[in-house]
Amino acid sequence: MIRPLLLSLCVTLGGWSLSGSAVADDDADHAALKELVTAYEQAIAAGDPNSLKPHLADDFTGVMVTGEEVTNLGGLDAYWQKIQGYLGKGGKYTVEVVVPQPAVIVGDLAYATGTTKDLAVTSDGKEYPFEGFWTAVCRREGDQWKIVRVHGSMDALTNVFAITSLQRASTYSGIIGGIAGLFVGALLLWLVTRRRPAAAPSPSPSRPS
């Protein structure tokens, strides 16, 4: 009677131990994945995508928020230099990554989705805040998690860049329309005055003889 009870107790305690170990490993994995988020934010704030090298898998690929695709670290750096060129010397770009829920971990793969709060500041001080959407896939390599694939996007119609372009186009159209209106008005005035017949001279009054 005592032996079955001892055996049952050992199995239960062993199960608790394995369960506790699995939870600890899961927590460690999620903490490591959060570190990737912090590393990304810091790299963008510093304008140094090369600092992400230890966190990118060799077969890393991604689609940036502008829809452009990059492959490996070199492609990511080239994309960043292009964005920096748009911002101008002294321009700055920062991002806050919002992770609404923990990543889903399946074996050595993990994926997560969320949003970003981005701010682009040009060299002349103009600010363009916008929100992005992202999905990321990571892979465990040894005792480290690395980014394999990222996909970013933003609202194509209501983002700040599209709205600014429309406003500029509207302003330019108004200016061009105003100039065209002035030109047409001046042309019509010239035509009217050109075709109006000259008034006949009044006869001189005759002098009495």
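- There is no path of hydrophobic side-chain contacts, each under 4.5 Å, that joins Val137 to Val65.
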Practice task
Kindly determine whether Trp80 and Asp48 satisfy side chain to side chain contact (heavy atoms under 4.5 Å, CB included), including the steps that lead there.
Solution key: CA-CA 9 Å; Trp80 175 252; Asp48 181 22; over 6 Å; no
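- Contact check for His151 versus Met64: no side-chain heavy atoms found under the 4.5 Å cut-off.
- Annotation for Lys53 and Leu73: closest pair CB-CD2, 3.6 Å, computed over non-hydrogen atoms.
- A 4.5 Å side-chain heavy-atom check between Thr71 and Phe60 finds every atom pair outside the cut-off.
- Grouping the Ile, Leu, Val, Met, Phe, Trp and Tyr side chains by contacts below 4.5 angstrom, directly or via other members, places Ile44 with Tyr79.
- Tyr40 and Val63 fall into different hydrophobic clusters, where Ile, Leu, Val, Met, Phe, Trp and Tyr residues are linked whenever their side-chain heavy atoms come under 4.5 Å apart, directly or through other members.
- Between Leu119 and Tyr128, every side-chain heavy-atom pair lies at or beyond the 4.5 Å cut-off.
- Other residues, nucleotides and ligands place more than 12 heavy atoms under 6.0 Å from the CG atom of Asp124.
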Handout entry: Derivation of the side chain to side chain contact (heavy atoms under 4.5 Å, CB included) call for Lys34 and Thr38
Key = CA-CA 7 Å; Lys34 287 181 180 179; Thr38 301; 5.7 Å; no
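- Side-chain contact between His55 and Lys146 is absent, with no heavy atoms from C-beta onward closer than 4.5 Å.
- Both Val37 and Trp134 sit in one connected hydrophobic cluster of ILVMFWY residues. Membership requires side-chain heavy atoms under 4.5 Å apart, directly or through other members.
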Handout entry: Criterion side chain to side chain contact (heavy atoms under 4.5 Å, CB included) on Leu76 and Leu52, from CA distance to verdict
Key = CA-CA 10 Å; Leu76 184 62; Leu52 288 172; 4.0 Å; yes
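- Sorted by first and then second residue, the salt bridge (charged side-chain N to carboxylate O under 4.0 Å, His left out) pairs involving residues 61-71 (not counting sequence neighbours) are Glu68-Lys82, Glu69-Arg149.
- The shortest non-hydrogen separation linking Val148 to Ala57 is CG2-CB, 4.1 Å.
- Between Leu33 and Cys138 there is a side-chain heavy-atom pair separated by less than 4.5 Å.
- The CD atom of Glu131 sits 12.0 Å away from the CE atom of Met154 when rounded to the nearest 0.5 Å.
- A search for salt bridge (charged side-chain N to carboxylate O under 4.0 Å, His left out) contacts involving Asp59 returns Arg139, not counting sequence neighbours.
- For Lys92 (side chain) and Ala45 (main-chain N/O), a donor-acceptor pair under 3.5 Å exists by modelled atom type.
- Counted by atom type alone, Tyr86 and Thr122 present zero donor-acceptor pairs between their side chains at under 3.5 Å.
- Going from atom CD of Gln84 over to atom OG of Ser123 covers 9.5 Å, rounded to the nearest 0.5 Å.
- Put simply, the side chain of Val70 does not reach to within 4.5 Å of the side chain of Thr61, judged on heavy atoms.
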Review item, side-chain donor-acceptor pairs of residues 93-115, under 3.5 Å, at least two apart:
unit_1 : atom_1 : unit_2 : atom_2 : d
Tyr93  : OH     : Asp118 : OD2    : 2.4
Asp108 : OD1    : Arg140 : NE     : 2.8

